[in-house]
Amino acid sequence: MDGEWNDAQPIYRQLRDRVVTMILEGVLTDGDALPSVRNVAAEYRLNPLTVLKGYQELVDEGLVEKRRGRGMYVREGAGAALMKDERQAFVTEQWPEVVATIARLELDIDELLALAREQLDEKENSR
């Protein structure tokens with residue numbers, strides 16, 4: 001997690017989004033403990049209540065569970081559920097905009113697919 005925050009969203013929401021990204025990228029997996037509220041607050045110079053509010057959103061969404069006296073943990077299946085939701089959101093929200101841009105710019109689908117394949121291969125090889 002980086003310590004840069006923007007003014008476009010409340011910090012607790014940005015924190016929530018960063019944890020979601022960590023889960024999607026496999027940095028945090030099912031059963032992993034989240035960094036403690038106290039540590040995150042100290043490391044990023046945040047109010048502990050702000051960190052707690054971000055974590056509470058994850059609890060409310062069913063992605064994280066509280067374990068009394070032990071902290072917060074990524075729930076079993078959270079990564080798979082997030083991936084499913086993110087894929088659905090991409091297809092229904094972002095993809096129509098991409099298609100509209102392709103049509104507006106009269107881009108060649110075959111060239112775009114080849115470029116996408118090349119970039120995906122490069123990303124896969126860099127891991």
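Nothing fancy with the numbering, it's 1 onward along the sequence. Since the model is a prediction, treat every value here as computed from it, not as a measurement.
Here the closest non-hydrogen pair linking Gln14 and Gln9 is NE2-O, 2.7 Å. The minimum heavy-atom distance between Gly77 and Asp30, with the atom names listed, is N-OD2, 2.8 Å. Shown here for Tyr55 and Val40, the closest heavy-atom pair between the two residues is OH-CG2, 3.4 Å. The two residues Pro48 and Val37 have their closest heavy-atom pair at O-CG1, 3.5 Å.
Using a cutoff of 4.0 Å between basic side-chain nitrogens and carboxylate oxygens, Glu65 and Arg67 are scored as salt-bridged.
Taken to the nearest 0.5 Å, the CE atom of Met83 stands 11.0 Å off from the CD1 atom of Ile23. Between the CZ atom in Arg70 and the OG atom in Ser36 there is a gap of 14.5 Å [rounded to 0.5 Å]. Atom CG in Asp110 sits 12.5 Å away from atom CG in Leu115 (nearest 0.5 Å). The distance from atom CG of Leu112 to atom CD1 of Ile102, rounded to the nearest 0.5 Å, is 5.0 Å. The CD atom of Gln56 sits 10.5 Å away from atom CD of Glu61, with the distance rounded to the nearest 0.5 Å. Taken from CG in Leu82 to CZ in Arg87, the straight-line distance is 11.5 Å, to the nearest 0.5 Å.
For the side chain to side chain contact (heavy atoms under 4.5 Å, CB included) with Val19, the lone residue among Leu28, Leu63, Val74 that qualifies is Leu28.
The backbone N or O of Pro35 lies less than 3.5 Å from no partner atom in the side chain of Asn39, so there is not a single donor-acceptor pair. No donor-acceptor distance shorter than 3.5 angstrom exists from the side chain of Thr50 to the backbone of Leu46, with no hydrogens or angles considered. At distances below 3.5 Å, not a single donor-acceptor pair connects side-chain atoms of Gln94 with backbone N or O atoms of Ala89. Distance alone, capped at 3.5 Å, places no donor-acceptor pair between the Thr29 side chain and the Gly26 backbone.
Considering only heavy atoms from C-beta on, Tyr12 stays 4.5 Å or farther from Val51 through its side chain. Contact check for Lys53 versus Arg16: no side-chain heavy atoms found under the 4.5 Å cut-off. Counting only heavy atoms from C-beta outward, the side chains of Leu34 and Leu58 approach each other to under 4.5 Å. Taking the side chain as every heavy atom from C-beta outward, Tyr44 and Ile11 never approach each other to under 4.5 Å.
With hydrophobic clusters built from ILVMFWY side chains whose heavy atoms lie under 4.5 angstrom apart, Leu49 does not share a cluster with Val64. Following chains of ILVMFWY side-chain contacts shorter than 4.5 Å, one can reach Ile109 starting from Val98, so the two form part of one hydrophobic cluster.
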Problem set entry | Full working for salt bridge (charged side-chain N to carboxylate O under 4.0 Å, His left out) between Lys84 and Glu86 | CA-CA 6 Å; Lys84 180 181 174 189; Glu86 289 292 315; over 6 Å; no
For this session: Using the side chain to side chain contact (heavy atoms under 4.5 Å, CB included) rule, take Arg104 and Val99 through it: C-alpha gap first, then chi angles, then the decisive distance, then the call.
Result: CA-CA 9 Å; Arg104 186 173 50 253; Val99 170; over 6 Å; no
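Arg45 CZ: 12 or fewer foreign heavy atoms inside a 6.0 Å radius.
The aromatic rings of Phe90 and Trp95 sit tilted relative to each other, their planes meeting at an angle between 30° and 60°.
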